[in-house]
Amino acid sequence: MGLQSYIAERKRGKDILVMAHVVCGYPSFEENMQELEIMAEAGVDLVELQFPFSEPSADGPLFVHANEESLKAGTTIDQCFKFMAEVSARFPFKVLMMGYYNTAFKMGEERFVERVKEAGGVGYILPDLPVEEAVNLHRLSEEAGIEPIILMTPTSSDKRLAKLGLASRGMVYAVARKGVTGSKTNMGDDVLALIERCRQHTNMPIGVGFGISSKSDLDFLRGHADIAIVGTAALKIWKDEGAPGLKTFFAELMA
Amino acid sequence: MGLQSYIAERKRGKDILVMAHVVCGYPSFEENMQELEIMAEAGVDLVELQFPFSEPSADGPLFVHANEESLKAGTTIDQCFKFMAEVSARFPFKVLMMGYYNTAFKMGEERFVERVKEAGGVGYILPDLPVEEAVNLHRLSEEAGIEPIILMTPTSSDKRLAKLGLASRGMVYAVARKGVTGSKTNMGDDVLALIERCRQHTNMPIGVGFGISSKSDLDFLRGHADIAIVGTAALKIWKDEGAPGLKTFFAELMA
Amino acid sequence: MDIFDFSDGREGYYGEYGGVFLPEILQATIEELLECFRECKADPTFWQEYVALLQNYSGRPTPVTYLENLSRELGGAQIYVKRDDLNHTGSHKINNVMGQGLLTKRLGKKRVIAETGAGQHGFATATMAAKFGFDCKIYMGAVDVARQRPNVFWMENLGAEVIAVEDGQKTLKDAVNECMRDWVTNMADTHYILGTACGPHPFPEMVSWFQSIIGMEAREQILAQTGRLPNRVYACVGGGSNAMGLFQGFFDEPNIELVGCEAGGEGVGSYMHSARLAYDDASVGVAQGYKTYFLQNEEGNMNETHSVAAGLDYIGVNPIFAHLHDQGKVRFEAATDAEVKETLKLTMRTEGLIPALESTHGFVVALKEAATMSKDEIVLVNMSGRGDKDIFTIADALDDSKWKRFIEGKADQYRRERG
Amino acid sequence: MDIFDFSDGREGYYGEYGGVFLPEILQATIEELLECFRECKADPTFWQEYVALLQNYSGRPTPVTYLENLSRELGGAQIYVKRDDLNHTGSHKINNVMGQGLLTKRLGKKRVIAETGAGQHGFATATMAAKFGFDCKIYMGAVDVARQRPNVFWMENLGAEVIAVEDGQKTLKDAVNECMRDWVTNMADTHYILGTACGPHPFPEMVSWFQSIIGMEAREQILAQTGRLPNRVYACVGGGSNAMGLFQGFFDEPNIELVGCEAGGEGVGSYMHSARLAYDDASVGVAQGYKTYFLQNEEGNMNETHSVAAGLDYIGVNPIFAHLHDQGKVRFEAATDAEVKETLKLTMRTEGLIPALESTHGFVVALKEAATMSKDEIVLVNMSGRGDKDIFTIADALDDSKWKRFIEGKADQYRRERG
Ligand SMILES: Cc1ncc(COP(=O)(O)O)c(C=O)c1O
Ligand SMILES: Cc1ncc(COP(=O)(O)O)c(C=O)c1O
């Protein structure tokens with residue numbers, strides 16, 4: 001089942017889905033697994049597994065640190081894929097690879113698609129790969145039946161959104177604001193306008209990410225977006241308050 | 001009695017005269033007086049009293065230090081002249097003012113000549129005042145009956161020596177070598193040649209200075225120069241060994 | 001050859017290198033930039049204004065100096081040096097910065113950001129921002145902040161905010177990442193003054209264009225002084241902007257050998273260097289917005305790099321050079337830290353020139369090769385910057401005990417004053 | 001007016017100032033120098049060689065920069081700056097030094113000595129000596145060694161021996177005395193590269209002649225840029241060489257006001273300054289080989305002088321200025337240390353220029369007066385040097401805590417390494 005139909009199906013039961021995020025190997029694969037357990041229990045629908053990269057230039061401080069520490073601890077791509085395989089086998093949610101293009105480029109795009117697929121991933125998010133540069137990768141993905149998640153942003157022109165819309169598969173990642181991951185986004189008319197504009201250019205479900213951290217954010221998005229994407233907020237809680245904190249966080253978020 | 005005739009008279013009894021040097025106010029006027037006592041006792045014929053100046057650029061390290069310390073201790077020109085008056089009244093040797101031209105220039109050349117004269121000085125040595133710049137001062141000195149001591153040097157051309165010879169009065173100061181006061185001069189043919197060249201251009205008695213420090217230097221000059229000028233060597237002894245040292249030094253020097 | 005004629009290929013690509021690999025959020029910004037740059041490049045008055053600005057503010061044209069003593073002592077080729085060290089702020093970086101300053105004005109932006117390694121680019125940017133009245137933030141790896149403190153001091157006093165980047169290796173590449181993070185947040189009013197011919201298109205082309213003034217001048221000057229063109233032309237290669245600048249004066253000459261001089265650090269096999277093309281340790285990858293040779297591991301994570309010269313201590317190289325290297329049109333050599341120190345001493349004492357540690361890499365290779373060439377040959381080396389900024393590094397490298405005692409005395413004074 | 005036409009007066013005298021007051025032992029040397037200088041001055045190929053050397057080695061002509069921001073902010077006269085800071089080694093001192101280098105070669109001498117205050121003249125001399133292959137010894141007051149350490153470091157690395165002079169006030173004047181002492185010993189093979197338009201004839205004339213290149217260029221440049229001559233021309237005055245250099249371009253214009261800017265230190269009445277002509281504390285005297293206004297007491301001993309700028313911290317002033325001051329042809333003003341610090345900050349932030357502390361004295365007076373002038377008037381200021389060398393002094397003056405912490409860290413590192 002493709003990502004789009006998975007989302008459609010999950011949405012039958014709820015008015016908004018939740019996509020969560022972990023950085024593979026940070027603080028450790030064991031802790032990743034504990035986080036994912038909690039997320040699964042809370043009913044998270046999708047998870048991005050970020051493959052650490054040495055130059056995470058689209059990430060904010062917490063994820064930058066996470067990428068760095070994970071690499072320092074020796075995390076390899078093999079481990080990440082192995083972890084992805086375990087996770088997708090074990091949990092009901094669907095898993096996406098998230099990372100930077102060089103990870104795919106260096107192993108070869110064909111091999112990359114193959115490995116995501118083999119590990120049970122339904123797609124990938126490569127924030128530094130513009131559609132122009134993704135033609136081949138998208139073709140390979142289509143052949144393999146995994147989805148390249150396209151990002152749409154508040155700065156994208158209509159012309160650009162049209163182009164992005166054409167390339168969109170599975171879902172669209174709407175970037176709620178300028179900036180890197182991590183800091184709080186003020187949920188307001190801007191976000192709604194963005195979702196509106198995205199809808200004009202794609203029929204895919206729309207996830208909204210960047211700075212989503214609370215039930216009120218979710219409530220705000222309900223009825224507008226299909227998916228709320230929660231990244232840094234969860235990692236921060238895990239770091240500060242561990243498993244009990246994360247449990248409460250997701251319980252409250254998805255209440 | 002003018003300097004020239006004083007020298008001629010003193011030379012009747014000895015084949016070489018000795019001119020000594022103190023820096024006024026260094027280490028103190030009291031010590032200056034003690035040094036001069038010893039010099040007088042030893043039979044020194046002439047003494048230069050150096051008026052301290054802040055920019056003693058023709059002096060070597062020991063005299064530079066002496067100039068500086070004397071000024072720091074508050075030595076004034078009045079004190080120097082007063083000291084000169086005492087010294088010339090008290091001792092048999094003749095006294096010359098030695099210093100830099102600015103001392104004379106600032107008080108006015110006329111006043112300068114007057115004050116040297118009043119203090120019993122028979123002349124002055126201003127090493128930074130070339131003859132071209134000394135026309136007025138020399139005229140005033142002539143009128144007052146004191147002598148401007150001209151320096152002749154190994155680098156002076158014959159033409160230059162001729163000019164210097166014309167201006168010479170009282171005695172000539174032959175600078176034994178290049179450099180500043182203080183370091184040892186090797187007594188040899190160069191010095192003899194210099195004296196020889198000086199003699200061709202002046203009838204004045206010739207004193208040889210710069211680096212003279214021992215009886216053997218004196219012996220070397222005997223029969224060639226009229227006066228041996230002893231500067232730094234005596235100060236160094238005074239500093240290192242005090243009155244007994246200086247006594248021995250002059251006793252040996254003039255033995 | 002016009003490497004910037006993309007009509008047969010993909011815009012912004014040099015062979016397989018270059019491109020734009022940026023987050024979607026920056027797409028509009030980079031398009032706006034490209035458009036503005038195309039306008040500027042097509043507008044001859046822009047270039048005239050640019051040249052006039054550099055003449056009146058930075059002292060261009062910089063001269064070409066004949067190294068009479070070294071040429072004689074080495075007994076080989078006649079050595080000439082292009083003196084971009086004489087620029088205001090002390091390096092070629094000001095050329096690019098002034099050009100982008102004019103462009104920032106055209107874009108209607110009021111704030112500039114820049115990464116810096118040696119601090120020369122940051123110094124130049126802070127200077128330009130002061131002159132143009134822009135707000136200015138400079139990102140600099142914490143390691144570089146420590147080794148190039150004089151430049152940091154000046155940047156701050158010129159009114160720039162300097163951020164010591166504590167991520168990653170804390171050097172140039174990490175400063176680039178921080179710039180990207182700032183830019184994706186503030187692109188509306190902010191232009192990113194990239195400091196070298198790297199990064200996403202149009203930066204490699206744009207920076208090369210501004211720096212081409214070096215080569216245009218040098219070509220004319222060496223012709224005027226010697227009546228002919230040089231046999232070989234040398235420049236150090238960090239990102240590659242000074243080298244691109246100089247080489248562009250000589251690209252069309254099939255008989256002139258162009259030699260890029262990279263940071264050999266502790267030497268081949270040490271893995272403590274920044275030689276992307278001269279050694280075999282780099283491979284093609286995509287990072288920091290573009291595709292080129294990077295010093296990276298098999299998984300595409302960047303390796304630690306090293307050079308005594310902060311401005312060469314970088315993982316990537318300009319994509320144009322990656323292509324010209326493939327084509328054999330530019331030869332790449334490396335100079336080690338140890339060679340750099342020796343050559344710096346030699347150059348100071350023999351010619352009275354103090355090249356920046358970066359520039360000295362070009363001298364190392366040029367002097368070595370000049371010695372083997374014939375007396376009627378000519379080599380031209382780029383002195384991309386002056387070494388004043390390197391005083392702490394050079395004093396350490398030369399183990400200068402008087403300097404150390406002076407610093408210790410100063411530190412004691414500061415501690416005393418603080419009580 | 002040709003101030004150097006001595007046919008009606010005494011050679012080497014400007015009114016009652018100037019002359020030669022040297023020990024007899026140097027008379028032949030100074031005559032030889034005068035003769036050689038007269039030959040050079042009469043030989044047009046010498047000047048051509050001189051200009052070519054400065055062009056190819058030092059980057060002349062230096063530009064004239066319009067200070068658009070400061071002119072606008074102050075709302076008065078249009079402010080232009082002559083950029084001698086862009087010279088190789090960072091100041092106008094190189095002009096004189098290269099000229100005297102050529103002359104040293106003509107004299108057949110192989111060794112040079114020089115005094116230095118700010119270190120710029122010593123740096124320039126060490127550089128010239130490296131280029132010409134001369135042995136080189138630099139005398140520098142111990143106080144100046146401490147406050148201008150970067151320059152000392154470079155001098156030593158250029159191969160010069162730097163002697164810290166511990167006599168007197170341990171500043172510039174004491175370094176001059178030490179030079180004299182060296183010179184009277186070693187004149188046979190040694191030329192004394194005097195660094196400013198002071199000292200015995202022919203130095204004031206000779207140094208002024210070499211520096212006149214500044215004014216020649218500036219006159220042409222300001223005409224080309226503005227279509228007219230400036231209303232007022234400003235330069236700082238230590239010994240007076242950069243000011244003489246610039247002013248010579250404008251001496252013959254009765255409507256141009258020439259303003260020499262001295263070091264006011266802690267201000268009028270403080271006796272902690274180096275203002276010989278702007279304040280009333282100096283009187284005519286003879287020292288260091290020439291007659292001029294000196295800061296001296298009634299007995300002719302020199303007073304302590306003070307300036308935040310080592311290169312202005314000097315007792316005397318060039319005799320030509322003493323004369324032109326008497327005649328009312330040059331006006332003298334003073335800038336205090338405090339004003340200098342403020343103006344330096346302003347200039348850095350507003351125009352991206354970092355004038356040397358010495359040069360900043362000219363800026364202080366020029367900016368103050370420009371503000372009171374009309375918008376269609378023009379002032380020209382000499383930026384005789386760049387402030388890089390002053391980093392320690394400026395950091396102290398601005399009480400820069402990051403800099404201090406950096407220095408303390410470095411000191412700790414050195415102590416640790418020594419074990
Ligand atoms: C003086 C100098 N030269 C060279 C470089 C290297 O940069 P690029 O290769 O872009 O010229 C730098 C970088 O900071 C530099 O400061
Ligand atoms: C930059 C600079 N400007 C000015 C001066 C003052 O000298 P002068 O008055 O001879 O130009 C100095 C002296 O060291 C200097 O370094």
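What you are looking at is a predicted structure, and each value in this text was computed from that prediction instead of being measured. We name chains A, B, ... by the order of the sequence lines, and we start the count at 1 in each one.
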Please classify the contact between [X] and chain C as side chain, backbone, both or neither, with a heavy-atom cut-off of under 4.5 Å.
{"X": "A/L126", "result": "neither"}
{"X": "A/S156", "result": "side chain"}
{"X": "A/V64", "result": "side chain"}
{"X": "A/F53", "result": "both"}
{"X": "A/E68", "result": "side chain"}

Candidate pair C/R147 and C/D313, rule salt bridge (charged side-chain N to carboxylate O under 4.0 Å, His left out), full reasoning: CA-CA 12 Å; C/R147 59 182 161 171; C/D313 193 350; 2.8 Å; yes
Smallest separation among heavy atoms of C/T196 and C/E115, with atom names: N-OE2, 4.3 Å
For the student: nearest non-hydrogen atoms of C/N318 and C/A197, plus distance: CB-O, 2.7 Å
Within residues 72-81 of chain A, residues adjacent to chain C where the heavy-atom gap is under 4.5 Å: A/T75, A/T76, A/I77, A/D78
Interface residues of residues 106-119 of chain A facing chain C - non-hydrogen atoms under 4.5 Å apart: A/K106
Name the option with the most non-hydrogen atom pairs under 4.5 Å to chain A; the candidates are [options].
{"options": "C/E166, C/M302, C/M180", "answer": "C/M302"}
{"options": "C/E298, C/R10, C/E178", "answer": "C/R10"}
{"options": "C/G168, C/G300, C/G289", "answer": "C/G300"}

Closest-packed option against chain C by number of heavy-atom pairs under 4.5 Å, given A/T155, A/T103, A/V175: A/T155
Choice from A/A58, A/P154, A/G60, A/P56 maximising heavy atom contacts with chain C below 4.5 Å: A/P56
Ignoring hydrogens and geometry beyond distance, is a side-chain donor-acceptor pair present between [X] and [Y] at under 3.5 Å?
{"X": "A/S54", "Y": "A/Y100", "result": "no"}
{"X": "C/Y139", "Y": "C/D182", "result": "yes"}
{"X": "C/D174", "Y": "C/Q169", "result": "no"}
{"X": "A/D59", "Y": "A/Q50", "result": "yes"}
{"X": "C/Q296", "Y": "A/N102", "result": "yes"}

Plane angle bin for [Y] and [X] - parallel if under 30°, tilted between 30 and 60°, otherwise perpendicular:
{"X": "C/F6", "Y": "C/F4", "result": "perpendicular"}
{"X": "C/H191", "Y": "C/F203", "result": "parallel"}
{"X": "C/Y17", "Y": "C/Y293", "result": "tilted"}

Derivation and outcome, side chain to side chain donor-acceptor pair (under 3.5 Å), residues A/K239 and A/Y26: CA-CA 10 Å; A/K239 290 289 295 171; A/Y26 180 81; 3.0 Å; yes
is_close_aromatic(C/H201, C/Y290), centroid dist under 6.0 Å: no
Within 6.0 angstrom of C/K110 NZ, more than 12 heavy atoms from elsewhere: no
Salt bridge (charged side-chain N to carboxylate O under 4.0 Å, His left out) assessment of C/R106 paired with C/E35: CA-CA 11 Å; C/R106 239 192 221 224; C/E35 206 170 296; over 6 Å; no
Structural part of [X] lying under 4.5 Å from a heavy atom of chain A:
{"X": "C/N297", "value": "backbone"}
{"X": "C/V284", "value": "both"}
{"X": "C/E299", "value": "both"}
{"X": "C/L22", "value": "backbone"}

Under 3.5 Å: donor-acceptor pair, side chain of C/T171, backbone of C/G141: no
